[in-house]
Amino acid sequence: MTSTLNADPAELAKFSDLAHRWWDMDGEFRPLHQINPLRLEWINSICPLKDQQVLDVGCGGGILADAMARTGANVLGIDLATKPLKVAELHALEAQTPRVQYREISVETLAEQQPGSFDVVTCMEMLEHVPDPASVVRACAMLVKPGGWVFFSTLNRNPKSFLLAIVGAEYVLNLLPRGTHEYAKMIRPSELASYSRHADLDLRHTRGMAYNPLTRRYWLNADTSVNYLLATQKSVVPSL
Ligand code: SAH
């Protein structure tokens with residue numbers, strides 16, 4: 001049993017306070033709504049989601065979980081912030097989204113309870129909010145079946161990402177509430193790749209995400225200097 005919870009109460013409170021705004025397409029979570037079709041299509045192109053058992057870690061109000069369920073997957077969304085989970089449940093009820101469930105449980109505890117039970121695990125825009133991201137990566141790796149896919153997305157840590165993701169997005173363009181991201185918690189792709197490798201997750205694909213403030217559009221490209229996504233696959237034979 002994990003003795004201390006790998007969570008920052010201030011981070012969870014921040015997301016709970018904004019929970020009622022989660023499905024407002026023009027609110028604080030607009031960026032997540034905008035990037036959602038891009039990441040969904042990318043995931044689905046690597047691993048077709050229909051009829052897959054999918055776990056979404058740090059699902060919040062369920063933007064990705066809901067979309068994956070609509071694509072035909074059976075989805076469990078987990079988070080440790082209570083209000084966003086309630087909002088996710090209400091949204092599924094109102095929108096009559098099939099095949100989606102939500103649970104308040106840590107990824108580490110779920111990994112102890114039901115290891116190897118998912119075909120796909122997604123963990124998007126969450127690692128930069130937890131005290132020990134490597135522990136989350138290990139738990140995701142435990143939860144996926146051998147040969148299954150684990151997808152991560154987070155924010156790189158360098159002067160450019162500081163300027164664009166914090167100064168630009170939170171202070172100049174007001175795309176995100178101030179204080180959403182903390183520089184020290186942002187994660188370099190090499191660090192995330194190393195956490196993955198140590199958890200028997202083989203790195204298969206990497207994508208970057210770009211944003212044009214004039215057109216207010218996002219797209220995926222090869223530039224991982226700010227926001228990026230990794231697709232990893234659980235080794236079939238564990239390393240010794
Ligand atoms: N993954 C979703 C939401 C991202 S917002 C999406 O991309 O659309 C970040 C989410 O991580 C919030 O819902 C927050 O409550 C959650 N979170 C932060 N720390 C967490 C932790 N330790 N365990 C589980 N979820 C956490």
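In listed order, ligands and their atoms are each counted from 1.
A 4.5 Å side-chain heavy-atom check between Leu230 and Val150 finds every atom pair outside the cut-off. Counting only heavy atoms from C-beta outward, the side chains of Met68 and Gln52 never approach each other to under 4.5 Å. Residues Cys140 and Phe152 meet the side-chain proximity criterion, which asks for heavy atoms closer than 4.5 Å. Ile187 is not listed as a side-chain neighbour of Asn156, based on a closest heavy-atom distance of 4.5 Å or more.
Heavy atoms of other residues, nucleotides or ligands lying less than 6.0 angstrom from NZ of Lys145 number more than 12.
A distance of 9.5 Å separates CE in Met124 from CG in Leu40, rounded to the nearest 0.5 Å.
Using a 4.0 Å heavy-atom criterion, the residues that approach ligand 1 are Asn6, Ala7, Leu12, Phe15, Trp22, Leu32, Arg39, Gly58, Cys59, Gly60, Asp79, Leu80, Ala81, Met124, Glu125, Met126, His129, Val130.
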